[in-house]
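Reading through the structure tokens given below for one structure.
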Amino acid sequence: MTTFHDLGLNEALLEAVKDMGFEHPSEVQEKTIPILLEKETDVVSLAQTGTGKTAAFGFPMLQKIDLKSRTTQGLILSPTRELCLQITQELKNYSKHMKGINVVAIYGGASITDQAKAVKKGAQILVATPGRMQDMIRRKLVNVSKIEYCVLDEADEMLNMGFFEDITEILSHTPDDKSTWLFSATMPKEVSVIAKKFMYNPEEITVGSKNAGTKNVSHEYYKVSGRDRYPALRRLADAHPDIFSVIFCRTKRDTQNVAEKLIEDGYSAGALHGDLSQNQRDMVMKSFRNKQIQMLVATDVAARGIDVDNVTHVINYQLPDEIETYTHRSGRTGRAGNQGVSMIIVTQSESRKIRTIEKIIQAKIELKKIPTGIEICETQLYSLAQKIKNTEVNKEIFNYLPKVESELNELTKEELIQRLVSVEFARFHNYYKKAKDLNSKFEDNPSEGVKHNKKDTTRYFINVGERDDYNWTKLKDFLKETLEIGKDDVFHVDVMESFSFFNTHNSFREKVLEKFTDFQLNGRYINVEVSEKGPRGRGGRGNSGSKRRSYNKDGGSGGYKKKFKGSRDSVGSYDKNKRRSFDNNPDSKKKERNTSSSRRSHSGAKSSYGPKANKPGGFGRRSRS
């Protein structure tokens with residue numbers, strides 16, 4: 001088996017390797033280090049997060065720089081402050097037996113003056129985030145005109161975060177004859193553009209398949225209703241008593257909300273996102289590394305700096321906007337040879353994305369059921385028994401045992417065990433004894449396997465969805481009974497959180513639209529209109545001739561309101577970026593348009609959501625972290 005000595009590292013680096021307990025190089029290190037040491041060449045290295053890429057470029061750079069010169073010779077660009085600091089610390093660990101080395105971190109959220117002073121003392125290697133680096137170049141606080149080596153670490157993530165122009169500007173100040181080493185987990189088109197623009201005939205090193213996930217991670221997903229997403233998260237956590245996890249949310253707001261809920265419910269949790277100060281981030285990460293925090297809720301951007309080897313689970317509370325980002329998320333677990341699990345919580349409407357992810361990671365994602373309350377109670381009971389059995393006795397308690405024994409003397413062995421276990425077990429049993437089955441309404445939709453000629457069918461929009469307690473079976477039964485047609489005459493039923501889509505044959509089109517003209521159910525208008533494309537075509541709603549009413553389940557605010565023009569059979573389009581106004585009284589539409597209101601409007605202005613609606617129920621955009 002290959003050793004670090006076989007790779008050609010010098011004695012100072014080998015001594016550091018020995019101190020850190022490394023025995024054998026990882027695959028990416030074994031393939032990359034010899035090439036970078038032997039040649040002055042550009043390299044594109046594709047490997048998953050957690051495979052040792054930092055050492056793959058760190059060792060060669062440290063060995064090749066001139067320690068006698070105080071000129072900046074190496075530049076490493078990373079997407080986030082956390083990753084920047086992590087790389088800096090690792091390089092310092094690698095070089096602790098090298099005299100005269102100076103590695104400086106440059107990142108936002110800290111004093112630019114202090115960083116400039118550190119650079120002025122003579123920094124052979126700079127590790128920087130693109131934004132702060134560009135700022136310091138503009139102020140002429142750093143000089144990168146003589147660098148010999150440039151590393152773009154996590155290149156795909158830097159470009160995904162919008163740093164293309166920053167990177168282009170920074171590299172324009174560097175020599176053309178430098179060696180550029182690009183490291184990435186995936187190879188999207190944007191990374192290819194960077195490689196072609198700034199690299200000359202690069203050697204490509206691939207560990208595994210391009211964009212594929214690590215083999216040490218198993219993947220599974222769970223289908224739930226939109227309103228059951230958080231209860232499902234709790235069950236997954238309770239079903240794994242020793243879980244040490246990273247939970248991913250799409251936005252900073254959701255990240256903070258989920259973390260606060262977990263803390264309120266008694267879990268050891270913390271939030272990591274862009275709205276935290278650098279000091280707050282450092283405190284959270286320190287607590288997580290020390291396992292004082294068991295569940296870290298993070299955004300994709302903030303999580304780029306997480307380098308913890310013993311993460312047991314990654315939980316995708318929400319799927320990322322860019323499906324390729326899933327590869328980075330799952331790479332947070334299964335590191336350093338450990339096994340890990342990546343879990344995905346999806347709604348029925350999101351489940352089709354699973355197939356796309358499988359193609360990207362080239363692995364099967366297994367559908368599993370959310371554990372029932374009884375199963376969780378059993379798991380927790382056995383876990384408690386194991387903890388009691390494996391607990392080391394603290395000798396300090398011996399002085400107190402006589403008094404404790406006298407207090408418990410009347411109890412038999414069986415009674416003592418029962419009461420001891422009940423102390424911890426009771427809280428789970430009380431919570432789950434009447435808990436519902438979160439899986440009950442997600443059977444497979446048999447109509448998915450039936451092919452219909454699109455030219456002979458019509459796609460419809462209807463303003464009811466998951467939050468009205470509909471799944472595809474309930475909605476299909478409702479449509480079948482209301483329209484008085486056969487069960488096979490309604491198909492391709494897709495239920496979203498606040499609305500749904502369904503298909504019928506063209507011959508039922510008039511009947512459907514006629515039936516749902518001014519149709520009311522329990523005092524609420526149920527509206528159906530022709531859709532140009534449903535979610536299957538990624539299009540929007542179309543126009544129908546029936547008058548639109550805003551809808552409201554309970555008579556308060558909430559729902560949709562839209563004015564339509566044209567005949568019933570005309571098909572229009574729907575602008576998903578516009579907000580909908582809310583009103584349950586059709587007679588007040590005109591007044592609603594002419595007066596300002598605290599309700600949401602078509603202006604697209606950012607709305608606030610109350611405690612019972614932590615995310616919008618259908619349309620509009622939120623800020624991304």
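- Between Q124 and Q73, the closest side-chain pair of non-hydrogen atoms falls below 4.5 Å.
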Under 3.5 Å, which donor-acceptor pairs do the side chains of residues 12-22 form with other protein atoms, sequence neighbours left out?
unit_1 : atom_1 : unit_2 : atom_2 : d
D19    : OD2    : K96    : NZ     : 3.3
D19    : OD2    : H97    : NE2    : 2.7

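- At a cut-off of 3.5 Å, with distance as the only test, no side-chain donor of D275 or Q256 sits close to an acceptor on the other residue.
- Between the side chains of D153 and S78, not a single donor N or O lies within less than 3.5 Å of an accepting N or O.
- When the side-chain contact (heavy atoms from CB on, under 4.5 Å) test is applied to Q339, the partners found at least two apart in sequence or on another chain are N216.
- With I247 as the fixed residue, the side chain to side chain contact (heavy atoms under 4.5 Å, CB included) test singles out one of L233, L296, N316: L233.
- Annotation: side-chain contact (heavy atoms from CB on, under 4.5 Å) contacts of S172 (sequence neighbours excluded): E169.
- Evaluation of the side-chain contact (heavy atoms from CB on, under 4.5 Å) rule for T356 yields I323, I360 as partners, not counting sequence neighbours.
- Residues Y267 and D238 bring a donor and an acceptor atom of their side chains to less than 3.5 Å of each other.
- A salt bridge (Lys or Arg N to Asp or Glu O under 4.0 Å) check over residues 127-138, counting only residues at least two apart or in different chains, returns the pairs D135-R138, D135-R139.
- Between S342 and Y326 there is a side-chain heavy-atom pair separated by less than 4.5 Å.
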Using residues 55-63 as the side-chain source, report each donor-acceptor pair under 3.5 Å to any protein atom, sequence neighbours left out, with the distance given to one decimal.
unit_1 : atom_1 : unit_2 : atom_2 : d
Q63    : OE1    : N10    : N      : 2.9
Q63    : NE2    : G8     : O      : 3.1

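- Residues H173 and N143 bring no donor and acceptor atom of their side chains to less than 3.5 Å of each other.
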